[in-house]
Amino acid sequence: AALRYFVVLLVVYAVFSAIIAAVMGSMSPVSSGAPAGIPVPAAVFLFTLIGGLIGALVFGAWLHLWVALFGGKRGIVQTIRAGLYGSTPQLLFGWIPFIGFLFTLWSLYLIIVGLQELQDISMARAILAVFIAVMVPLILLILVASYLFIAYVTTSAVPAL
């Protein structure tokens, strides 16, 4: 039931994300197209749908690693269920430009509350599990992006004056 609920909301999120991509693309002075001639809104829809489903399951497994280390005893299904239901605000309103991140924060709070209830762990342990599960990949992403940026900047040709 949780997976069906999530997929329905993910479709809504993907549709609104595609609409935003179409609106932003129409305001761009440069004509842009996705690879293989697929229109950008269609590509955004497909990548959001497929990536969202795979990402939710992978993040659920990653989060469960930390939940288990902090004392969660009720299995990975309960952790994934907390993640799927907790993502409701992000999926309903996260597509809104400039304020969508607020709904991501709300979703993280709901995931913490869900873990506390479904895994029977304290609020502090749930906060630590979610914090580590989010921050480790984020720090790795920042490090890789920094490395690539530095590599690009230091190997780019310097224009002659």
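Using a 4.5 Å cut-off on side-chain heavy atoms (C-beta onward), His64 and Ile80 make no contact. Taking the side chain as every heavy atom from C-beta outward, Trp62 and Pro137 approach each other to under 4.5 Å. Counting heavy atoms from C-beta outward, Leu9 and Ser87 have side chains that stay 4.5 Å or more apart. Residues Arg81 and Val77 are in side-chain contact: their nearest non-hydrogen atoms beyond the backbone lie under 4.5 Å apart. Side chains of Leu49 and Leu10 form a contact here, defined as non-hydrogen atoms less than 4.5 Å apart. You'll find the side chain of Thr48 stays beyond 4.5 Å of the side chain of Trp95, heavy atoms only. Considering only heavy atoms from C-beta on, Leu63 comes within 4.5 Å of Ile111 through its side chain. In this structure, Leu3 and Leu53 have side chains that are in contact, with non-hydrogen atoms separated by less than 4.5 Å.
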- Message: Assess the residue pair Asp120 and Arg74 against the criterion (side-chain contact (heavy atoms from CB on, under 4.5 Å)); give the C-alpha distance rounded to whole Å, side-chain angles, the decisive distance to 0.1 Å, and a yes or no.
- Response: CA-CA 8 Å; Asp120 196 28; Arg74 296 200 179 148; 3.6 Å; yes
- Item | side-chain contact (heavy atoms from CB on, under 4.5 Å) between Arg125 and Val67, intermediate numbers included | CA-CA 8 Å; Arg125 289 176 185 248; Val67 168; over 6 Å; no
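By the 30° and 60° cut-offs, the orientation of the rings of Phe93 relative to Phe103 is tilted.
Residue Thr88 holds its OG1 atom at 13.5 Å from OH of Tyr13, rounded to the nearest 0.5 Å.
With hydrogens and angles disregarded, no donor-acceptor distance shorter than 3.5 Å links the side chain of Thr104 to the backbone of Gln90.
Val8 and Val15 fall into different hydrophobic clusters, where Ile, Leu, Val, Met, Phe, Trp and Tyr residues are linked whenever their side-chain heavy atoms come under 4.5 Å apart, directly or through other members. Two different hydrophobic clusters hold Val134 and Val58 under the rule that ILVMFWY side chains link at heavy-atom gaps under 4.5 Å.
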